[in-house]
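What follows is a single structure, written as structure tokens, with notes after it.
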Amino acid sequence: MFKKILIANRGEIALRIIQACRELGIATVAVHSTADNESLHVTYADEDVCIGPPAPADSYLDIGRVIAAAEITGAEAIHPGYGFLAENAHFAEVLVECNLGWIGPRPETIRAMGDKANARRVAIEAGVPVLPGSSGPLADAAAAKRLADEVGYPVILKASAGGGGRGMRIVEDDAAVERQFATASQEAQRAFGDGSIYLEKYLVEPRHIEFQVFGDRHGNVVHLGERECSIQRRHQKLLEESPSVALDQPLRDRMGAAAVALSRAAGYENAGTVEFLLDTDGSFYFMEMNTRIQVEHPVTEMVLGIDLVKEQLRVAAGEVLSFRSGLKPRGHVIECRINAEDPETFSPSPGRVTTLHLPGGPGVRVDTHAYQEYVIPPYYDSMVAKLIVKGKDRMEAIERTRRALDFFIVEGIRTSVPLHKRILRDEKFRRGELSTRFMEDFFSRSSAADSSS
Ligand code: MV4
């Protein structure tokens with residue numbers, strides 16, 4: 001096992017990694033920007049190195065500075081968390097060249113899955129269902145039009161280099177293809193330096209279901225069940241849960257087997273997530289693979305009673321995977337992402353947390369780097385806490401989450417706590433009637449309720 005690792009991240013995930021390291025007897029090095037001098041990951045790590053000014057490009061994203069910090073402190077490996085450098089294949093490669101360990105998938109796997117058009121091809125070759133669409137990047141708008149005529153409208157244009165909803169365009173009819181192709185490609189070129197676009201048939205009201213997977217260096221690959229992630233706004237997830245009410249055991253087994261087949265084909269090591277769209281008729285389709293530990297990993301941890309971050313450290317050190325495929329979920333888990341933002345306008349709300357009382361009691365976990373008097377800097381992600389709640393079944397999890405939100409007291413900044421309370425009161429949510437359109441429908445329902453009251 002490693003003796004000392006460096007954490008190339010900040011916030012709650014940096015703290016989460018420190019917790020896992022402490023339990024395994026691994027010393028930790030925190031890196032931080034000048035905006036994070038007073039951050040808890042700096043306080044709790046065994047050593048800390050300031051690597052630059054607030055702007056991510058000059059600190060958390062600066063590969064040279066991160067590696068220098070690892071070399072100065074004698075760290076053996078780097079854990080990237082999520083975001084920042086977590087899915088940067090070049091960074092993972094450079095580490096190997098510098099004789100530093102990488103706590104994540106092999107660089108070739110990151111690169112193969114980071115190209116979404118390529119990931120689709122890998123899925124097809126592995127026998128994993130994908131939506132009708134292109135077998136690679138499209139040559140031009142005319143090729144897009146020919147293919148769209150074949151698969152039928154609506155279709156969706158996606159950036160090969162994109163993911164997470166960036167650089168997507170839904171096309172309703174053939175009159176719009178030419179223009180949408182051009183804007184999608186331009187947008188992708190500007191955002192990712194790669195304008196390639198691929199096409200799929202567009203599903204109007206699917207669920208977004210993802211499978212946790214895990215591989216080791218000895219050829220073992222398992223799946224650890226699903227998370228239902230349909231409740232999102234502008235491609236930012238708000239609330240996740242497991243198990244999904246839409247899966248029975250045979251469907252869970254089939255989707256899990258597909259997730260494992262794809263991961264095997266990608267030579268997968270360490271923690272990963274395979275995203276699927278689940279249609280209203282029960283058909284599922286591969287969407288993309290995320291080659292990192294995800295924000296919502298505690299949902300799986302709580303429903304299975306395992307520690308995914310400790311497992312990441314173990315398998316990166318060469319140990320054999322300790323999980324079997326298809327562990328049975330026990331009870332039901334809901335995670336609410338608490339953001340420092342206005343619950344009505346969603347504009348960021350950084351600043352000083354003047355009061356903080358966190359909920360506790362049976363089945364309640366809070367992952368946060370916030371503390372009373374902490375000043376949330378304006379330079380980074382607005383997520384300040386995750387509330388993860390377990391109940392014996394979905395209804396108990398919902399009522400317990402509502403109780404925990406009532407006892408989640410934050411003053412000084414605005415947060416998404418009130419929005420979560422509203423979602424958990426919503427009848428459609430309570431019936432488990434979810435789709436990627438849930439939040440839009442939810443907002444139109446609640447504005448209708450406003451005007452009638
Ligand atoms: C789709 C889709 C429907 N059909 N692809 C969203 C994020 C990125 N991972 C891909 N996404 C989607 N891809 C096909 N063929 C629906 C989504 C999607 C979505 C699309 C528009 C608005 C909100 C959405 C929320 C979740 C998923």
Side-chain angles (χ1 to χ4, degrees), residues 82-83 87 113-124 128-138 144 147-148 150-173 176-177 180-181 183-184 187-188 191-192 196-211 226-241 244 246 258-259 262 272-292 294-296 337 346 423 429 433-444:
Y82 52 72
E87 293 176 271
M113 294 296 112
D115 178 338
K116 306 301 170 184
N118 182 63
R120 208 180 119 86
R121 243 185 337 251
V122 176
I124 295 167
V128 173
V130 298
L131 280 154
S134 54
S135 48
L138 294 160
L147 193 57
E150 198 180 307
V151 305
Y153 291 89
V155 297
I156 184 165
L157 301 172
K158 297 182 177 182
S160 303
R166 293 176 306 164
M168 295 186 348
R169 279 287 181 288
I170 298 158
V171 188
E172 302 289 348
D173 54 59
V177 176
Q180 296 286 53
F181 185 90
T183 43
E187 232 178 71
F192 316 113
S196 18
I197 297 292
Y198 69 106
L199 177 149
E200 288 179 345
K201 178 151 189 68
Y202 179 67
L203 290 184
V204 176
E205 211 169 10
R207 287 172 187 256
H208 185 166
I209 308 252
E210 61 184 28
F211 271 71
E226 80 281 10
R227 296 181 289 256
E228 159 100 51
C229 301
S230 297
I231 307 220
Q232 50 76 45
R233 181 188 163 272
R234 298 203 179 162
H235 306 295
Q236 292 294 322
K237 293 166 188 162
L238 291 171
L239 183 153
E240 307 96 351
E241 61 178 297
S244 165
L262 175 80
T273 301
V274 181
E275 298 187 345
F276 294 102
L277 294 172
L278 177 64
D279 206 352
T280 39
D281 68 357
S283 333
F284 65 88
Y285 306 95
F286 168 71
M287 187 161 56
E288 50 191 73
M289 179 164 202
N290 301 319
T291 55
R292 60 171 188 270
Q294 288 196 259
V295 172
E296 61 271 28
R337 297 190 187 191
F346 295 93
I423 294 171
F429 174 79
E433 292 171 14
L434 310 181
S435 83
T436 55
R437 290 190 35 185
F438 179 87
M439 286 310 293
E440 283 164 73
D441 297 347
F442 171 81
F443 288 126
S444 35

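For ligands, and for the atoms within them, numbers begin at 1 and follow the listed sequence.
Ranked by closest heavy atom to atom 20 (C) of ligand 1, the top entry among Lys116, Met168, Arg233 is Met168. For the residues Leu277, Ile170, Leu199, the heavy atom positioned nearest atom 2 (C) of ligand 1 is part of Leu277.
Summarising the geometry of Glu87 relative to Thr291, their closest heavy-atom pair is OE2-N, 3.0 Å, with the distance given to 0.1 Å. Between Lys201 and Tyr153 the shortest heavy-atom distance is NZ-O, 3.5 Å. Contact detail for Glu226 and Ser244: the closest heavy-atom pair is OE2-N, 2.8 Å. Between Ala159 and Phe192, the closest heavy-atom pair is CB-CE1, 3.9 Å.
Without hydrogens or angle criteria, Ser230 side chain to Arg207 main chain gives no donor-acceptor distance under 3.5 Å.
Ligand-side atoms of ligand 1 in range of Leu203: 3 (C), 4 (N), range being under 4.0 angstrom from any heavy atom. Distances below 4.0 Å separate heavy atoms of Glu275 from the following atoms of ligand 1: 9 (N). Atoms of ligand 1 found under 4.0 Å from any heavy atom of Lys201, numbered from 1 in the order shown, are 4 (N), 14 (C), 15 (N). For ligand 1, the atoms closer than 4.0 angstrom to any heavy atom of Leu131 are 14 (C), 15 (N). Applying the 4.0 Å criterion to heavy atoms of Thr436 picks out, from ligand 1, the atoms 25 (C), 26 (C), 27 (C). Close approach to Glu288 involves these atoms of ligand 1, each under 4.0 Å from a residue heavy atom: 8 (C), 9 (N).
A salt bridge does not link Glu288 with Lys158: none of the charged nitrogens is closer than 4.0 Å to a carboxylate oxygen. Between Glu210 and Lys237 a salt bridge is recorded (basic side-chain N to carboxylate O distance below 4.0 Å).
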>> If you apply the rule side-chain contact (heavy atoms from CB on, under 4.5 Å), what do you find for Phe429 with Glu241, and how did you get there?
In response: CA-CA 12 Å; Phe429 174 79; Glu241 61 178 297; 3.8 Å; yes

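With contacts defined as side-chain heavy-atom distances shorter than 4.5 Å, the pair Thr273/Glu296 does not qualify.
Counting only heavy atoms of the protein, atom 16 (C) of ligand 1 lies nearest to Tyr202 CE1, 4.0 Å. Nearest non-hydrogen protein atom to atom 12 (C) of ligand 1 is Met287 SD, 3.6 Å. Of the protein's non-hydrogen atoms, Gly165 N, 3.5 Å is the one closest to atom 8 (C) of ligand 1. The protein atom (non-hydrogen) at minimum distance from atom 19 (C) of ligand 1 is His235 CE1, 3.7 Å.
Checked against a 3.5 angstrom limit, the closest N/O atoms of Gln232 and ligand 1 fall outside it. For ligand 1, the polar-atom distance check against Glu200 finds a nitrogen or oxygen pair separated by under 3.5 Å.
Using a 4.0 Å cutoff on heavy atoms, Lys158 counts as a contact of ligand 1.
In this structure, Arg233 satisfies the cation-pi test against Phe346, with its NZ or CZ atom closer than 6.0 Å to the six-membered ring centre and inside 45 degrees of the ring normal.
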